[in-house]
Amino acid sequence: MVSNPAPPRDNARLARIIIWIVLAVIVIGGAAWFALSVAGRQQQAAPPAAGAEQLVRADSHRLTTPAVEKAQLVEFLDFECPSCGSIHPVVEELKAEFGDRITFVHRHFPLSMHPNSGQAALAAEAAGQQGQYQQMANRLFETQSQWAGSQQSQAPLFRSYAEELGLDLALYDAAVADQQTEERVLADIADGKALGVSGTPTFFLNGEKLVLSTKADFRQKLADAVG
């Protein structure tokens, strides 16, 4: 019995199929490599958490220094801002309650609509150079209703506060006039703008901008932050 011969192979067709398979593998592999490469570049180029570098600087004014820090509360403020003045007593209460666990930080953000806010920031900075930043900040807020909104320079009044605090007035005057003191305030403003600050007071709790409604809400957010 003679078996039927196998049909002849279409070598040309088989070769074309192999070529198409190889090309498909190359294209798919290339696409996958491109996707991974782009993803890798995007991951490398991804910026750090928003504001991580601008939030707190080495020279920022830390009002509390807890032995074990569980959270940071950063306030961008304007000493002439009525809202900052209104919330200041609340912040002081919270500082007394949570200051052993939360680092409270002040950053300057004087607004152009407040004619003496920049001078107030310089006064606080000059006092800070003599270790009296917090005392001057408190004095500025406590007396805000007496000087805020005035179109005349309140520099002499702020200087009288420095005298009341027992500061060396020669050093205070020199610091207020020093360009580096102004640049220190401007650096805070630049950081605030980079973080999206547009008004005062603006608070950041552990890097997250807070939206506050009531004193109780403010306190609860801090309580949650420290566990």
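Below, all heavy atoms of this structure are taken into account, side chains as well, without hydrogens, waters or symmetry copies. If you're wondering where the values come from, they're calculated on a predicted model, not measured in any experiment. Index from 1, following the sequence.
- The local environment of CD in Q180 is sparse, with at most 12 non-hydrogen atoms from other residues, nucleotides or ligands closer than 6.0 Å.
- From D178, atom CG reaches atom CG of D173 across 12.0 Å, with rounding to the nearest 0.5 Å.
- Counting heavy-atom neighbours within 6.0 Å of Q152 CD, excluding the residue itself, gives a total of 12 or less.
- Distance check, rounded to the nearest 0.5 Å: CG of L165 to CD of Q135 gives 6.5 Å.
- Looking at K209, its side chain does come within 3.5 Å of a backbone N or O of G196 through a donor-acceptor pair.
- Minimum interatomic distance between A58 and R62 (heavy atoms only, all atoms of both residues): O-NH1, 3.4 Å.
- Here Q119 contributes atom CD and L140 contributes atom CG; the two are 10.5 Å apart, rounded to the nearest 0.5 Å.
- Judged by distance alone, the side chain of D78 and the main-chain N or O of C84 form no donor-acceptor pair under 3.5 Å.
- Between the CD atom in E142 and the CZ atom in R139 there is a gap of 6.5 Å [rounded to 0.5 Å].
- Under the 4.5 Å side-chain heavy-atom criterion for ILVMFWY residues, no single connected hydrophobic cluster contains both V211 and V91.
- Partners of A126 under the side-chain contact (heavy atoms from CB on, under 4.5 Å) rule, at least two apart in sequence or in another chain, are Y172, A175, V176.
- Placement of V226 and L210 within a single hydrophobic cluster is found when ILVMFWY residues are connected by side-chain heavy-atom separations under 4.5 Å, directly or transitively.
- In this structure, the side chain of Q54 does not engage the main chain of L195 through any donor-acceptor pair within 3.5 Å.
- Put simply, L171 and F158 are part of two different groups of oily side chains (I, L, V, M, F, W, Y) that touch within less than 4.5 Å, one to the next.
- The line from CD1 of I102 to NZ of K95 is 12.5 Å long, rounded to the nearest 0.5 Å.
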Distance-only check: which donor-acceptor pairs under 3.5 Å involve side-chain atoms of residues 65-73, not counting sequence neighbours?
{"from": "E69", "atom 1": "OE2", "to": "Q72", "atom 2": "NE2", "distance (Å)": "3.4"}
{"from": "E69", "atom 1": "OE2", "to": "T103", "atom 2": "OG1", "distance (Å)": "2.4"}

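- Ring geometry for Y133 versus H61: interplanar angle under 30°, hence parallel rather than tilted (30 to 60°).
- Pairing each heavy atom of K215 with each of V90, the nearest pair is CG-CG1, 3.9 Å.
- For Q144 and H88, the side-chain atoms include no donor-acceptor pair closer than 3.5 Å.
- Two different hydrophobic clusters hold L122 and L169 under the rule that ILVMFWY side chains link at heavy-atom gaps under 4.5 Å.
- Of the inter-residue distances, the one linking L63 atom CG with H106 atom NE2 reads 4.5 Å to the nearest 0.5 angstrom.
- One side chain, Q220 or D224, offers a donor N or O that lies under 3.5 Å from an acceptor on the other.
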